Amino acid sequence: MYSAKKAAEITGLSTATLRYYEREKLLPKIARSSSKYRQYTDEDIEWIKMIQCMRIANIPIQSIKQYVSLLIQGGTTLEQRYIMVQEHMEDIKNQIANLQSALVLTQSKLAFYENLLKEPMHQNITYVEEWKMFNHGGRL
């Protein structure tokens, strides 16, 4: 069993976030000690890590709540959960494609700035000139 502080440390979340997850019913009921302190199990920690993974994938809290609710209901909701996970996977693939495009643009911009920094004459360049240069492969 882990205290809230230790669970927060293990998961990298704050105790406030853990309480929020519990309040929003994203977690199963967390056990309490005789003095009413939360006591997290290894299973609770794994559950929290699952939620973290879903949040990293930008899955909305409402969708996570729906998934958790279905999960708690058991095998009768297996098909619904399968469809949800399938849809989330498509969203994640789209996010990856968008991030890949953003990475390519950012790498181009970084290379552009590296070249500009090599030429002190560009120190007084205006944003309009910079924009034109960047969009025309480094030429005005």
Side-chain angles (χ1 to χ4, degrees):
M1 295 290 225
Y2 305 101
S3 67
K5 183 177 178 183
K6 185 65 177 174
E9 185 181 306
I10 292 168
T11 62
L13 297 173
S14 67
T15 55
T17 299
L18 293 177
R19 286 190 306 273
Y20 171 76
Y21 283 179
E22 186 179 1
R23 193 170 52 252
E24 290 298 314
K25 300 191 183 333
L26 299 177
L27 300 174
K29 190 160 179 63
I30 302 298
R32 301 284 181 136
S33 69
S34 58
S35 32
K36 307 289 185 211
Y37 290 108
R38 288 173 178 83
Q39 294 184 311
Y40 294 84
T41 64
D42 288 328
E43 291 80 19
D44 295 331
I45 299 297
E46 290 307 311
W47 195 285
I48 293 164
K49 288 179 180 179
M50 176 191 68
I51 293 168
Q52 284 180 291
C53 181
M54 295 171 90
R55 291 299 298 141
I56 288 168
N58 291 321
I59 296 173
I61 293 289
Q62 278 306 114
S63 293
I64 297 172
K65 284 172 82 166
Q66 182 183 5
Y67 176 79
V68 167
S69 173
L70 292 170
L71 185 61
I72 290 171
Q73 292 175 49
T76 59
T77 66
L78 189 57
E79 189 173 341
Q80 290 170 277
R81 287 180 279 137
Y82 173 80
I83 291 167
M84 281 186 83
V85 170
Q86 194 173 36
E87 289 170 353
H88 292 312
M89 186 160 58
E90 287 305 312
D91 289 343
I92 291 167
K93 286 179 181 178
N94 289 333
Q95 289 176 48
I96 290 170
N98 290 336
L99 286 171
Q100 190 63 42
S101 295
L103 178 61
V104 167
L105 177 64
T106 303
Q107 288 170 326
S108 296
K109 195 69 168 180
L110 186 60
F112 173 75
Y113 284 136
E114 286 172 353
N115 287 331
L116 279 184
L117 287 169
K118 291 177 187 172
E119 301 176 29
M121 66 183 220
H122 291 310
Q123 190 173 18
N124 295 322
I125 190 171
T126 67
Y127 75 91
V128 173
E129 293 169 328
E130 178 184 321
W131 189 255
K132 286 180 184 176
M133 283 180 71
F134 180 72
N135 289 316
H136 294 98
R139 300 177 314 279
L140 262 177

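Small disclaimer: the values here were computed from a predicted structure and weren't measured.
Surrounding NZ of K109 are more than 12 heavy atoms belonging to other residues, nucleotides or ligands, all under 6.0 Å away. Counting non-hydrogen atoms of neighbouring residues, nucleotides and ligands closer than 6.0 angstrom, the CD atom of E119 exceeds 12 such neighbours.
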The test is side chain to side chain donor-acceptor pair (under 3.5 Å); show your working for S101 and N98 and say whether it passes.
CA-CA 5 Å; S101 295; N98 290 336; 5.5 Å; no
E114/L117 under side chain to side chain contact (heavy atoms under 4.5 Å, CB included): CA gap, chis, key distance, verdict:
CA-CA 5 Å; E114 286 172 353; L117 287 169; 5.7 Å; no
Side chain to side chain contact (heavy atoms under 4.5 Å, CB included) between Y2 and D44: does it pass, once the steps are laid out?
CA-CA 10 Å; Y2 305 101; D44 295 331; over 6 Å; no
What's the verdict on side chain to side chain contact (heavy atoms under 4.5 Å, CB included) for V85 and Y67, showing C-alpha distance, side-chain angles and the deciding distance?
CA-CA 9 Å; V85 170; Y67 176 79; 4.0 Å; yes
Assess the residue pair I83 and Q80 against the criterion (side chain to side chain contact (heavy atoms under 4.5 Å, CB included)); give the C-alpha distance rounded to whole Å, side-chain angles, the decisive distance to 0.1 Å, and a yes or no.
CA-CA 5 Å; I83 291 167; Q80 290 170 277; 5.9 Å; no
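Side-chain atoms of K25 and V68, non-hydrogen and from C-beta on, never get closer than 4.5 Å to each other. Counting heavy atoms from C-beta outward, Y40 and T11 have side chains that stay 4.5 Å or more apart.
Closest of all the heavy-atom pairs between M1 and A31 is CE-CB, 4.2 Å. Residues M133 and L116 come closest through the heavy atom pair CE-CD2, 3.8 Å. For the residue pair A8 and L18, the shortest heavy atom distance occurs at N-CD1, 3.6 Å.
Atom CD1 of I30 and atom CH2 of W47 lie 9.5 Å apart (nearest 0.5 Å). To the nearest 0.5 Å, the span separating OG1 on T77 from CD1 on I72 amounts to 10.0 Å. Rounded to the nearest 0.5 Å, atoms CG (L27) and CD (E43) are 13.0 Å apart.
For residues 60-76, the salt bridge (Lys or Arg N to Asp or Glu O under 4.0 Å) pairs, not counting sequence neighbours, are E24-K65.
Look at K132 and E129 and you find no salt bridge, because none of the NZ, NE, NH1 or NH2 atoms lies under 4.0 Å from a carboxylate O. Remark: R19 does not engage E22 in a salt bridge, criterion side-chain N to carboxylate O under 4.0 Å.
Under a 3.5 Å cut-off, the side chain of S35 and the backbone N or O of Y37 do not form any donor-acceptor pair. Side chain of E90 to main chain of Q86: no donor-acceptor pair is present (N/O by atom type, distance under 3.5 Å, no hydrogens or angles). Under the 3.5 Å distance criterion, the side-chain polar atoms of N94 are left unmatched by any main-chain donor or acceptor of D91.
For T106, there are no side-chain contact (heavy atoms from CB on, under 4.5 Å) partners at least two apart in sequence or on another chain.
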